[in-house]
Structures are given as C-alpha cells and as structure tokens.
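Counting starts at 1 for both ligands and their atoms, following the listed order.
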Amino acid sequence: MDRLGPILVHHLFSAGRTVQIHDLNNRAVQTALSKLLETLRELGNTEGRVAVTVATDLLSINDVRVVVDTQSMGPVLYLINEMKKRKVEEIDFAPEVALEELGSFLKLFFSEPSEEDVFGELDRKLSDAGVVNIRITEWIERVKYLRDAKVNKQEIREESNRVMSRAVMFMGEVMRAIAQRRPVQLPKASRIAQQIADIIRTDETILVGLASIKDYDEYTFSHSVNVSVLSMLIADRMGLHKSDTAQVGVAALFHDVGKTHIPQTVLNKPDSLTADEWQLMERHPMLGVIELSRARSLRAIADSLFVSLQHHVLHDGKGYPAKSSPWELHPFNRIVTIADVYDAMTTPRVYRKQTLTPDSALRLIGRKSGEMFDPLVVKTFIRAIGVYPVGTVVRLDTGEHAVVTRQNESCRLMHRPVVALLPEDGSPGEQFDLAERAAGGTAHRRTIVESVHDKRYEARKATRFLVK
Ligand SMILES: [Fe+2]
Ligand SMILES: [Fe+2]
C-alpha cells in the first residue's frame, strides 16, 4: 500500500489529464487507462475494493493516508482539488471494473463541473453512462469544527439532520452490497460514526429527537441508525475514548445486517411466527457474522462480528444463539443490546401489539436491570437520556400536549425537562421549562401527567427536530 498509493495517484492524475485533452480511443488515453487499471487490480488483489478518499486536506487510499513528498505533491493536490470541486469525498472502485468503464468514468468525472448541484449532476451522468463499478460519495463538511468553536443551535440541527439522513442512506447501500455479496463499506461506516460521535460530544439533543421519529419507510435502515446513535450516547457517557465510541457506533450500524437474508414476509409477519420461521429468524446474528467477515480487514470488523453474533444474548446468558457453555459477552454488546431493545419497543410494528412510550420502555428496561441487562449500562442509559427522553410526547396537568425538547442538567429535575407545546392548530408551540415555578409561589406552573403515544402528535413533534 505504501508503494502503490502514490503510484495510483500518479496514474489517476495522468489519466485524468489525458482524457481532458483527447478522445477515449486515443493511444495516450488507452495507455494511461491500462496503467491505472493495472494498479487498481494490484491494489484490489490484496484489498478487494479500492477507495480513494479526501478528508479535510488529506488523501487516503483504503483508509491509509497517501504520504506526500515533492514528487507526489502535485498529483495529490490536483486530485484533492478536483474531488472537492465536484463535492466528491470518495471514489470507490469495485474489483469488477473494466477498461471501458474506467474510461467513461474519467471522461465524465474530469469534464467541466456543472454550476448547480455539482455532485448530483455528476452522479446522474455516471449512472446514465452505465458506470456501476465505480461509485462516488458526496462530500459533506466535517463536523470537527463543532468541538472547536461556539456553534449555534441551528448549525447543530442542520448537521444532525444531515448526518442522520446520510446514515440512513448508507444503510440502504450496505443492504444492497450484502444482497450482491459484496463486502460492507467499513471506512464509510466509521466516518459516519465519527461524525455522530462529534455531534454527541457537542449536543446530542436533536439526534435523540430524530431517533424518536419512527415514521421512516425503511424500518431496518432507520432502526440500525437509531441504535447506533443511542449506543454511542451510552458509550460516550461511560467515558469511552472517541475512537471506541465510534467503534460501538459501527458495530451498532451493522448489528442486524444478517436480516437481509430473512424474507420480508417473515420479518413483517403480523401474526406470531411458526417454529420454522423462528428458527430462520434466530439465524440472523450468525448470517450477519458471515456477511461481515467478507470485510477487507477482519481486525477492523472484529467488534462488529461479536456484536452481530451476540446482540440477542442477554446479560444472564439467555436469548439466542444458544450455546452449551456460558457466553462471554463483548463489552460493546452490553451497550448495543439495550439500545436495540429500547428502539424496538418504542417503534410501532405490525406484529407488536403495543408500542411503548419512551419512558415506559425505560422503566421496563430498568426493571430487568441485572437480569436481562447490564446494570451499569442501564444506569448510564437512563442518566443520559433522562426519565422522559427528548422526543417523548407528554400530556400536562393543564390538558395541553407537549414534546420533550431538552433535559434539565440537574438529576433532581429529571422529571421536569424542557418541553415545547404542541398546539391543536399545528402552529409552533412555545418552549417551556417544567422546572419553572409560578411567580411568588412554590407550585410548578406545569407538570407532566403522563406520556402518550398518539399518531396525531407524531408528525407535529417531528417538525421540532427536522430542518425545514
Ligand atoms: Fe437483531
Ligand atoms: Fe435490532
């Protein structure tokens, strides 16, 4: 890799330059293309796919930074610049790519970028031209600045929305890759997890709110993303290092990939499953392991393998897959299991008789602490998301309905979060701190009576967290 990285950049650079000047059937172009393809194949031999990525101002190939010396400086900077101009963060070459396809790709990629929606335009052109073995990923500004500078709420809201929808889209790609027996894109998963981890360290409120919106079409995609967000929140609050927190997030994103091989009719069956169907369902952890082990680096995917295998094994060793000797549970698994159960219980599904409100799901998890769930993780989880998590719809003693928008810092005020009213006419309701007392009095102005699960409020609450 150390040797091939700069060579690949060099060939990409010269092929890019020549296709800009000549036709595809020109000799110089053909020579440049064959050299490039040869290097791609050589890299692909050891690593499968080849991903060229720009992060900040660094160029990486399969997540290894290309070291810049005086010779490679020009080509590296050129490539970074051309990718940024087209808002491309990553170019991913599949092993199947052939000379002709490579030519069409380079011709389109290095043509003059369009003025508007530069990435979308390029992506469309590539798919029109039938380029399927080279994929591009859109560049999204890194959230690193969130930690460094004071950022306003609107920026965090926008960033949270972007990362969430990016993650949901990514899960779609993962499922597609698995259906086609291709390895999962681990580097991209970890970049997404790192972005989520960055936001969590700044202000996770909007992310938790978004995770509470359950009306996405694609359940498995958004479920995996929600579990990832909640798992990372727990990991962060347990004091894990940022890179470990992101690893937890990656494992959570992948925990249910084995479900790709379970028929939809079984996954979405409204009635209870037959014994045969259960047997099939219970295979999804192991099927996930098989799929994940196609990854380029087994070392990098190791935590995810354990979590996929064990996420239905509980603290007391019950659950599935069954094992004759006691399970030794991976520490990340203790986190992901709780986030998984919580998201599942609070999401309406055809086969589930009752969808729990967030606070009742938490109470249930609390009751099973020490038995089904690791007590320390349960405690951390409740402390992190509060008694009434952000996104919970509640009825107040005034008869009004409201949605929880923020926790109060103090533990003693766990029952009194900040809420936004949800007026009947759908107008944006006023924010209200439930810790507030009436002027001169000791009584609180408003108090939560109960949480409610009512579809009418779901859409209205969603507007609180989504970017319009
Ligand atoms: Fe599962
Ligand atoms: Fe799950």
For the Fe ion (ligand 1), which N, O or S atom of Asp256 is at the shortest distance?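 Relative to the Fe ion (ligand 1), the closest nitrogen, oxygen or sulfur of Asp256 carries the name OD1.
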Suppose we only allow N, O or S atoms; which atom of His311 ends up nearest to the Fe ion (ligand 1)?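 This residue's closest N, O or S atom turns out to be NE2.
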From Arg65, Met83, Glu90, residue fulfilling side chain to side chain contact (heavy atoms under 4.5 Å, CB included) relative to Thr53: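 With Thr53 as partner, side chain to side chain contact (heavy atoms under 4.5 Å, CB included) holds for just one option, Glu90.
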Option from Ile199, Asp203, Leu207, Asp198 for which side chain to side chain contact (heavy atoms under 4.5 Å, CB included) with Glu159 holds: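 Exactly one pass, corresponding to Ile199.
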Between NE2 of His312 and NE2 of His284, what angle is found at the Fe ion (ligand 1), rounded to 10 degrees?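 About 90° at the Fe ion (ligand 1).
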Any N/O/S of His255 under 2.8 Å from the Fe ion (ligand 1)?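 Not a single backbone or side-chain N, O or S atom of His255 is under 2.8 Å from the Fe ion (ligand 1).
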Does the ring centre of His330 sit less than 6.0 Å away from the ring centre of His311?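 So the answer is no for these two rings.
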Hey, do the aromatic rings of Phe373 and Phe381 have their centres closer than 6.0 Å?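 No: the rings miss the under 6.0 Å criterion.
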Give, rounded to 10 degrees, the angle between NE2 (His223) and OD1 (Asp340) as seen from the Fe ion (ligand 2).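 Reported to 10°, the angle equals 80°.
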Using 30° and 60° as the class boundaries, would you call the ring planes of Phe254 and Phe170 parallel, tilted or perpendicular?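 If you compare the ring of Phe254 with that of Phe170, the planes turn out tilted.
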